[in-house]
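In what follows, chains are A, B, ... by sequence order, proteins preceding strands, each numbered from 1. Small disclaimer: the values here were computed from a predicted structure and weren't measured.
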Amino acid sequence: MSSCFLKVQNLRKSYGGLVHVLDGMNFQMEPKERIVVIGPSGSGKSTLLRCIMGLEKIDDGRIEFEGARYIEAQANRRKDNLVDTAVRAKIGMVFQHYTLFPHLTVLGNLVLSPIRARGESRASATERAMQLLKRLGLDNRANAYPGMLSGGQKQRVAIARALLLDPKIMLFDEVTSALDPELVAEVEGLMLELAEQKMSMMIVTHDMWFAKRIATRVIFCADGHIVEDAPPAKIFSDPAEPRTADFLKKVLHVDTVS
Amino acid sequence: MNLATSLSFLYDYRLALFTGLGNTLYFTSLGLAIGLPLGFIVSIIRQSGHPILKAIATTYVEIFRGTPVLVQLFWFFFCLPALLGVDLGNVTSTITTLALYMGAISSESCRAALKSIGAEQRDACIALGLPARVSVPYVILPQTIMRAVPTLLSNCVTLFKESALVSAVGMADLMYQGQMIADSTARPIEILTATALIYFFIAFSVTRIVTYYEQSFLKRLKL
């Protein structure tokens, strides 16, 4: 068995057999890498992260995590393709629309899973949660409801909620896309802090400047394929593939104008 | 007409009116007690059930939403015994009708609330490793109930008002008593106005509660 950190093999997914969102994706990831996935919309970036989180049913392929079988396409399985649910607990994910639980306080959001799903004592979970919130400068919002927070605060709480479960890897799916421009920095700042702490991450973003700054590696996807996979310095200054160059020209042009 | 004599006339009939109100509240609350859980169960069946169960549930909801309550009351009272030989008696057939009607309209409210929670909250539950035994009682159910409460309370008010129709099958509710007194005394103005005010006072109070709940609670959570 290979002892690869994350290994995605021949991942395929289509909707109704017509639209191939993922059309045979292959890559491997080492611990502490920070992979930023870029590409035009519909290229399968978000779907890739959702598959790794085990939120999507795949048509073909397999995913291994830390050398263990995690997700495998199997015939006659209707729901998902999870081989090992325990592996999923090592993966954390943050979504575009925060997906905080609106009826629970910030603290309630953080401790729900540790207490109810992992059997941690309320005292211990609360203490860890408060420490984490303090580190993120959110401890004064612990008893606020998500509806009372700004978008940036909500997203930082969502990141804290995932971090409290001690994930081995964090998946960020366009986490700043729904934010007002002036709130983007606080969320990206937190992600850069996590990068300094050597958290393994996979990030889908449209923000090329941020991608350049945080990535150790950039994957450019189009039509469900990986077109180019290179370090940020290489891909942003001297892309090997014409499609990558074309895409970067378009988005960077738009960025400088707006 | 003189206000003092009108009021003393009403005062003489207070017991009859309050007995009627008691019966109205009795029918309404039994209708609610059976109808609300029924509506919740039906909404779940309609959202994620077996196709045949789903078809039955949908047919039930559409029939009861699409016919007048008065017709439903008459049907259970007159037609059911004639067709199937099942005579429920007027009290049981009345409560059955009100409960089924409440079940139908409240299942729609629950369904809308369940739908509004959406796939993203479910994704978050999976990403946080919450099994159904945690996500349903701690995430899905509380949000469904909170969102459904305003429309469910409005449904309660609707049922309370519609229950006046049970007087048509001889139930001695508030409407029935009011009508009887009006007929026997030939003074419909006082008595029917008083009846209307009693209905209004109760319905209006509940509507105020709904508004307060929406403004204070739901707004605060931005649900």
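Val106(A) places none of its side-chain heavy atoms less than 4.5 Å from the side chain of Tyr145(A). Between Arg141(A) and Leu133(A), the closest side-chain pair of non-hydrogen atoms is not below 4.5 Å. Put simply, the side chain of Phe65(A) does not reach to within 4.5 Å of the side chain of Arg88(A), judged on heavy atoms.
Residues meeting the salt bridge (charged side-chain N to carboxylate O under 4.0 Å, His left out) test with Arg161(A), sequence neighbours left out: none.
Contact annotation for Leu164(A): neither backbone nor side-chain heavy atoms come within less than 4.5 Å of a heavy atom of chain B. The contact between Leu100(A) and chain B is made entirely by backbone atoms, counting heavy-atom distances below 4.5 Å. With a threshold of 4.5 angstrom between heavy atoms, Phe101(A) approaches chain B through its backbone and through its side chain.
Remark: Arg156(A) engages Glu186(A) in a salt bridge, criterion side-chain N to carboxylate O under 4.0 Å. A salt bridge links Glu108(B) and Arg46(B); the closest N-O separation between the charged side-chain nitrogens and carboxylate oxygens is under 4.0 Å. A salt bridge links Glu120(A) with Arg128(A): the closest approach of a Lys/Arg side-chain nitrogen to an acidic carboxylate oxygen falls below 4.0 angstrom.
Near-neighbour residues of residues 120-137 of chain B relative to chain A, defined by a heavy atom under 4.5 Å from a heavy atom of that chain, comprise Glu120(B), Gln121(B), Asp123(B), Ala124(B), Cys125(B), Ile126(B), Ala127(B), Leu128(B), Gly129(B), Leu130(B), Pro131(B), Arg133(B), Val134(B).
In terms of heavy-atom pairs under 4.5 angstrom with chain B, the leader among Pro146(A), Ser113(A), Pro114(A) is Ser113(A).
In summary, the side chains of Ser14(A) and Asp59(A) do present a donor paired with an acceptor at a separation below 3.5 Å, with no hydrogens or angles considered.
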